[in-house]
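First comes the structure, then the notes that go with it.
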Amino acid sequence: LLALKQVIPVDKTGLEIGIGSGIFAEKLNIQYGIDPSEKMLQLAQNRHLTVTRGVAENLPYNNNSFDFAVFITSLCFIDDPEKALNEAHRVIKKNGDLIIAFIDKDSAFGKSVEQNKSNSHFFRNARLFSADEISSLMIHCHFEITEIFQTLCKNIPETPEIPIKGYGKGGFVVLKGTKK
């Protein structure tokens, strides 16, 4: 949450793609979300968020509808990440932002998640990405990387970590890119 707060635009209209229960959207003041799960959408609606059922690869929004869009640990569950990023590009306004927050598969935490995936109800079907892979995908989909933050650098932090710039040390990375 602290890493995301470094890059989420304030007082702008945003969309969380893969909103799930809406816990992050609520805390980050993102009012709109999309998710394929009716059960998750109901939880998000209970948080007074405006949600729509759908998938990232076919967003049911007009071109240039949002100031920014975010994927928060959801890109690893999407069938066609490139198509999803192209759809995000379509619905984001000119000079708007795309923010992708994810578990870096090259980190110690990411390697642990990968190793234990078969035993995890949540990550069983996840396809984790490295920071380099996400960065390359964003650039390929016409976003210019503007900020990178990381956290979960310690094995077991006693208190919430202050996010640091860059990647390579933290298990959780947040990349922000501007629509070209």
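Index from 1, following the sequence. In what follows, every heavy atom counts, from backbone to side chain, and hydrogens, waters and symmetry copies are set aside.
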* Derivation of the side chain to side chain contact (heavy atoms under 4.5 Å, CB included) call for Arg124 and Ser118 -> CA-CA 5 Å; Arg124 181 173 292 133; Ser118 61; 5.7 Å; no

Do [X] and [Y] make a side-chain contact, defined as non-hydrogen atoms from C-beta onward lying under 4.5 Å apart?
X: Leu152; Y: Ile103; value: no
X: Tyr32; Y: Val51; value: no
X: Cys141; Y: Glu82; value: yes
X: Ile19; Y: Leu49; value: yes
X: Ile99; Y: Ile8; value: yes
X: Thr73; Y: Phe172; value: yes
X: Lys176; Y: Ile148; value: no
X: Pro9; Y: Asp97; value: yes

Are the side chain of [X] and the backbone N or O of [Y] linked by a donor-acceptor pair below 3.5 Å?
X: Glu133; Y: Ser130; answer: yes
X: Asp80; Y: Lys83; answer: yes
X: Ser135; Y: Ala131; answer: no

Are [X] and [Y] in one and the same hydrophobic cluster, where Ile, Leu, Val, Met, Phe, Trp and Tyr link if side-chain heavy atoms are under 4.5 Å apart?
X: Val173; Y: Leu4; value: no
X: Ile145; Y: Ile92; value: yes
X: Leu1; Y: Val10; value: no
X: Ile23; Y: Ile17; value: no
X: Leu41; Y: Ile72; value: no

Nearest 0.5 Å please: distance from the [atom1] atom of [X] over to the [atom2] atom of [Y].
X: Ser136; Y: Phe129; atom1: OG; atom2: CZ; value: 11.5 Å
X: Cys153; Y: Lys169; atom1: SG; atom2: NZ; value: 7.5 Å
X: Lys94; Y: Asp67; atom1: NZ; atom2: CG; value: 14.5 Å
X: Ile30; Y: Thr50; atom1: CD1; atom2: OG1; value: 13.0 Å
X: Lys105; Y: Asp132; atom1: NZ; atom2: CG; value: 10.0 Å
X: Ile162; Y: Thr151; atom1: CD1; atom2: OG1; value: 8.5 Å

* To do: Assess the side chains of Tyr167 and Asp106: does a donor N or O sit below 3.5 Å from an acceptor N or O?
  =>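 Their side chains do not contain a donor-acceptor pair, so the 3.5 Å distance test is not met.
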
* Check whether the side chains of Asn63 and Lys93 place a donor and an acceptor atom closer than 3.5 Å, and report yes or no. =>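 No pair is found: no donor N or O on one side chain lies under 3.5 Å from an acceptor on the other.
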
* Are Lys117 and Glu114 close enough, and set up right, to give a salt bridge (charged side-chain N to carboxylate O under 4.0 Å, His left out), and what steps lead you there? -> CA-CA 5 Å; Lys117 253 179 21 171; Glu114 278 289 337; 3.7 Å; yes

Where [X] and [Y] come nearest, the two heavy atoms and their spacing:
X: Val174; Y: Ala101; result: CG2-CB, 3.9 Å
X: Ala88; Y: Phe143; result: C-CZ, 4.5 Å
X: Leu98; Y: Met138; result: O-CE, 3.7 Å
X: Gln31; Y: His48; result: OE1-O, 3.8 Å
X: Glu57; Y: Asp79; result: OE2-N, 3.2 Å
X: Ser107; Y: Asp104; result: OG-O, 2.6 Å

* In this structure, are over 12 heavy atoms from other groups packed under 6.0 Å from Gln45 atom CD? ->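 For Gln45, atom CD is crowded (more than 12 foreign heavy atoms under 6.0 Å).
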
* **Exceeds 12 heavy-atom contacts within 6.0 angstrom, atom NZ of Lys27** =>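 Open: at most 12 neighbouring heavy atoms sit under 6.0 Å from NZ of Lys27.
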
* To do: Test side chain to side chain contact (heavy atoms under 4.5 Å, CB included) on Leu85 and Leu75 and set out the steps.
  => CA-CA 9 Å; Leu85 265 61; Leu75 197 63; 3.7 Å; yes

Determine, for [X] against [Y], whether the closest basic-nitrogen to carboxylate-oxygen distance falls under 4.0 angstrom.
X: Glu147; Y: Lys165; result: no
X: Glu26; Y: Arg47; result: yes
X: Arg90; Y: Glu87; result: yes

* Could you please spell out the steps behind the ring-ring contact (aromatic ring centres under 6.0 Å, His included) verdict for Phe71 and Phe102? => CA-CA 8 Å; Phe71 291 88; Phe102 60 98; over 10 Å; no

* To do: Kindly say whether the aromatic ring centers of Phe66 and Tyr61 come within a distance under 6.0 Å.
  =>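 Under 6.0 Å, so yes.
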
* Verdict with supporting geometry, Lys179 and Asn64, side chain to side chain donor-acceptor pair (under 3.5 Å) -> CA-CA 11 Å; Lys179 178 178 175 177; Asn64 308 308; 3.2 Å; yes

* Asked: Applying the side-chain contact (heavy atoms from CB on, under 4.5 Å) test to Phe149, which of Val7, Ile164, Leu2 qualifies?
  ->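 Looking at Val7, Ile164, Leu2, the match for Phe149 under the side-chain contact (heavy atoms from CB on, under 4.5 Å) is Val7.
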
